Amino acid sequence: MTSKNLPKPSGPVPASPAGEYELRPGGIAARARAAAAPAYLAALNSEQGEAVESLDGPVLVLAGAGTGKTRVLTTRIAHILATGRARAGEILAVTFTNKAAREMKDRVIKLIGPAAEGMPWLGTFHSIGGKILRRHAELVGLKPDFTILDTDDQIRLLKQIIAAANIDDKRWPARQLAARIDHWKNRGLMPDQVPAGDGFAFADGRGVEFYAAYQERLRILNAVDFGDLLIGCLRLFRENADVLDIYRKRFRYMLVDEYQDTNVAQYLWLRLIAGKDGNVCCVGDDDQSIYGWRGAEVDNILRFEHDFPGAKVIRLERNYRSTAHILAAASHLIAHNESRLGKTLHTEGEDGEKVQVRGVWDGAEEARAVGEEIEQLQRQGHSLDEMAILVRASFQMREFEERFITLGLDYRVIGGPRFYERAEIRDAMAYLKVIANPSNDLAFERIVNTPRRGLGESSLQVLHEFARAEHIPLAEAAAILVETEELKPRQRQSLGGLLDDFARWREQSAHLPHGELAEIVLDESGYTQMWLNEKSADAPGRLENLKELVRSMEDFDSLAGFLEHISLVMDNERGGEGTERVSLMTLHSAKGLEFDTVFLPGWEEGLFPHQRAIDDAGRAGLEEERRLAYVGLTRARKRARISFAQNRRIHALWQSSIPSRFLDELPDGSVEIADSDTSFGGGMASNYGASRFDRDQAFAASYETPGWRRAQRNAPGGQRRGAGGGRAPVIDAEPVAREVSSTARFSPGERVFHQKFGYGRILAADGNKMTVDFEKAGRKRVIDSFLERH
DNA sequence: ATTAGCATCCTTTTT
DNA sequence: GGATGCTAAT
């Protein structure tokens with residue numbers, strides 16, 4: 001541990017900003033000066049301490065799972081403040097999510113008191129980017145009150161652009177273009193910087209053209225999308241050295257959380273502000289990089305020392321979360337990755353239980369087994385809050401939910417559609433946005449005919465044409481048009497009524513509390529009524545959400561403040577739940593969380609690792625999947641339970657599956673095979689053990705299931721997989737074209753046997769998909785390779 | 001303007 | 001299997 005950066009134990013606090021900086025009298029700062037080492041430092045181990053105290057120059061903290069990453073980050077901030085090296089306003093601290101930002105702020109406050117309260121530059125990349133951009137909006141062609149579009153608005157805008165170019169948006173969907181543009185923005189590319197080849201990927205080379213048109217539209221609307229919050233800054237900084245200079249001087253210390261998740265644009269942004277040798281501290285874990293598919297560049301973290309010459313790299317390898325067995329399993333697994341900086345996690349804790357692996361017949365049995373185990377743990381006094389099921393794909397959740405409902409087991413789904421993404425919230429917001437800013441065309445368009453006012457496409461068309469010709473916002477165009485005969489009387493009246501409503505609401509907004517205003521608006525617009533009339537099952541929930549929205553508005557003192565906040569923040573926090581619940585979520589959303597017991601179902605080839613990941617990105621994709629497995633395992637403090645099913649229904653088709661290769665990558669000594677006595681005789685679970693551990697053969701090759709034996713029998717050499725069965729070939733790390741059996745192996749009328757459904761007769765064949773009328777199970781669609789002639 | 005029927009998609013998710 | 005989104009029909 002270095003101590004050169006420590007404040008001199010009893011000497012005066014460093015000069016300059018320190019003098020201006022004061023904590024509460026007699027607070028921690030005072031004690032820090034008095035004591036040899038401040039209390040907050042004493043709580044750290046030596047590596048953590050070094051990470052906190054290495055304040056000068058670039059530092060990369062490689063923080064393995066459960067090694068106290070957040071503690072380092074927050075203590076570092078506290079340390080900077082307490083030693084008077086910088087004031088709160090001189091520290092830039094960026095995170096990816098608002099949740100992480102909030103948590104960081106709370107913890108700093110806990111460490112050194114409310115002095116941290118006013119950290120204006122602690123936030124997400126986007127919120128800070130937005131803040132900077134707003135201050136200098138004119139320099140990049142925007143007005144300071146620009147609106148931030150979300151994905152939905154973005155797509156509607158792109159649809160218009162595609163339609164305007166007379167392109168079939170069926171063949172070239174706006175979603176796809178949005179994804180492309182997003183991708184470019186993630187890499188920090190403006191339309192004129194997109195590599196020539198890239199543009200051809202959309203609509204025969206018009207992608208870049210549309211990108212440019214989209215940016216132009218945004219500028220006219222005085223709007224930006226999420227990506228612009230960053231690349232807008234890039235442009236601002238590059239074109240205005242003086243502005244960049246302001247921030248370079250201001251941010252004496254910079255901290256970045258989850259550095260492995262940064263994309264190129266974020267890297268460039270940071271690099272511009274920090275320079276080559278700024279006091280930047282990036283904390284991350286290359287082994288937990290799981291967002292490559294949305295633009296994160298693992299390379300950023302792998303190349304850190306190269307990008308910031310002379311950077312100090314500190315590894316945090318002491319794990320405080322998991323038992324030795326869990327840690328061993330995770331470490332052994334992740335060691336199979338090639339692209340990594342390499343860390344060896346260790347713990348001083350107990351061995352604990354081994355990681356349990358269980359083979360089950362199908363998804364239903366998997367859910368049953370997990371449910372049973374949860375109930376058993378519950379009976380032993382374990383809290384449901386300390387158990388989680390982490391799935392690879394969200395469709396896997398359904399089976400668990402169904403099971404838990406029949407068991408009466410309380411569960412909560414984490415993730416899913418965010419509160420503010422729900423249609424009813426977005427509609428309500430659109431009303432408020434139009435009130436706050438009449439020239440917000442996208443918001444106006446969204447609600448002009450919601451609820452139905454007879455203002456359909458043709459009316460809107462007229463509005464659009466007029467607005468465009470006159471270069472005025474839609475609402476303004478509407479105000480003029482209602483005075484004319486352009487529209488049919490009914491439309492004219494309806495639109496006029498709406499405009500009058502808005503005028504009235506706008507008038508009221510000046511003196512009414514905005515919560516109350518929102519209520520009035522939702523009521524008088526007929527929006528509430530619209531949902532009351534709706535008889536679908538989710539209508540009551542939507543009304544509930546609207547109430548929640550009104551309630552949450554009361555926390556803000558101005559409508560504008562609320563709108564700004566909500567476009568960037570608003571999480572779907574479910575506050576005040578009293579009951580204990582099991583958590584159900586995807587592996588991705590589990591990052592950063594921890595539980596005593598973690599269930600990891602669905603470890604099957606094709607599902608996990610996911611076939612698409614491998615097809616799209618080959619070895620890199622596989623490695624990211626492996627990191628996901630690593631993230632999953634390291635969420636567990638005491639118990640990790642993995643399972644795989646032999647049969648799984650994917651897109652309404654039954655497929656038999658091969659256990660995940662990741663199972664083979666777990667160390668024997670830390671894994672045990674669960675004995676599952678299933679309704680199917682329980683043979684296979686122990687066979688799994690036998691083949692894997694007793695005979696010490698390549699696990700998959702000796703895996704004994706009826707389906708597997710059959711596949712082997714069918715193969716000419718009795719060895720190669722997939723050779724004769726017409727089934728998908730070995731799922732490999734490299735992209736592999738799926739074998740399609742050209743000839744149907746069965747014809748209608750034939751009698752067949754299926755492992756799961758028993759005997760039946762072929763009704764129809766569609767490629768390799770067979771419709772079979774089973775004697776016991778009824779009519780099912782199955783893949784031909786799971787059928788046997790009988 | 002509303003709605004039924006049809007095709008198509010189906011990994012992960014934040015801002 | 002199911003959700004979603006568009007077309008065509010009323």
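This one's a predicted model, so the numbers in the text were calculated from it and none came from an experiment. These values consider heavy atoms only, across backbone and side chains, with no hydrogens, waters or symmetry-generated copies. Chain A is the first sequence line, chain B the second, and so forth, proteins listed ahead of strands; every chain is numbered from 1.
- Distance A:Gln154 CD to B:dT13 P: 18 Å, rounded to the nearest Å.
- The separation between A:Arg156 atom CZ and C:dC6 atom P is 13 Å, rounded to whole Å.
- Considering only side-chain atoms of A:Arg452, the nucleotide from B:dT11, B:dA1, C:dG1 that sits closest is B:dA1.
- Comparing A:Ser459 and A:Thr97 against DNA chain B, the residue whose closest nucleotide sits nearer the 5' end is A:Ser459.
- By the 6.0 Å and 45° rule, A:Arg134 stacks over the aromatic ring of A:Phe146.
- For A:Asn98 and B:dT15, the shortest distance from a side-chain N or O to OP1 or OP2 is below 4.0 Å.
- Residue contacts for A:Glu625: at a heavy-atom cut-off of 4.0 Å it reaches a base atom on one of the strands shown.
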Should A:Asp285 and A:Arg340 be marked as a salt bridge (Lys or Arg N to Asp or Glu O under 4.0 Å) after you check the CA-CA gap, both sets of side-chain angles, and the distance that decides it? CA-CA 9 Å; A:Asp285 181 0; A:Arg340 60 190 294 253; over 6 Å; no

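- Residue side chain A:Trp293 meets the stacking definition with respect to B:dT12: its ring centre sits within less than 5.5 angstrom of the base's six-membered ring centre, and the planes differ by less than 30 degrees.
- Backbone-only engagement by A:Lys159 is indicated by non-hydrogen atom pairs under 4.0 Å involving sugar-phosphate atoms exclusively.
- Separation of the A:Phe400 and A:Tyr411 ring centroids does not fall under the 6.0 Å cut-off.
- Residues A:His136 and A:Tyr247 place their aromatic rings such that the two centres sit under 6.0 Å apart.
- Taking atom CZ of residue A:Arg392 and atom C1' of nucleotide B:dT12, one finds them 5 Å apart after rounding to whole Å.
- Ring geometry for A:Phe226 versus A:His126: interplanar angle over 60°, hence perpendicular rather than tilted (30 to 60°).
- With B:dT12, B:dT11, C:dA3 as the choices, the nucleotide that has an atom nearest any side-chain atom of A:Arg398 turns out to be C:dA3.
- A:Gln491 has its CD atom 7 Å from the P atom of B:dA1, to the nearest Å.
- The aromatic ring of A:His126 does not sit over the base of B:dT15; the criterion of centres under 5.5 Å apart with planes under 30° is not met.
- Considering only side-chain N and O atoms, A:Thr586 lies under 4.0 angstrom from the phosphate OP1 or OP2 of B:dT13.
- Judged by closest nucleotide on DNA chain B, A:Arg453 is the one of A:Thr151 and A:Arg453 placed further toward the 5' end.
- An OP1 or OP2 oxygen of B:dT11 is reached within less than 4.0 angstrom by no side-chain nitrogen or oxygen of A:Ser394.
- Here B:dT13 presents its P atom at 16 Å from CZ of A:Phe226, a figure rounded to the nearest Å.
- Contact annotation for A:Gly227: no contact, since no heavy-atom pair falls under 4.0 Å across all strands.
- Closest contact between the side chain of A:Thr124 and the listed nucleotides B:dT15, B:dT11, B:dT12 involves B:dT15.
- Aromatic ring pairs are classed by plane angle as parallel below 30°, tilted from 30° to 60° and perpendicular above 60°; the pair A:His588 and A:Tyr291 is tilted.
- For the pair A:Arg612 and B:dT11, the criterion of a side-chain N or O lying under 4.0 Å from OP1 or OP2 is met.
- Between A:His610 atom NE2 and B:dT13 atom C1' the separation is 15 Å, expressed in whole Å.
- When rounded to the nearest whole Å, the span between OH of A:Tyr291 and P of B:dT14 equals 6 Å.
- Taking syn as a glycosidic angle within 90° of 0, B:dT12 does not qualify and is anti.
- Distance, A:Asp182 CG to B:dT13 P: 16 Å, rounded to whole Å.
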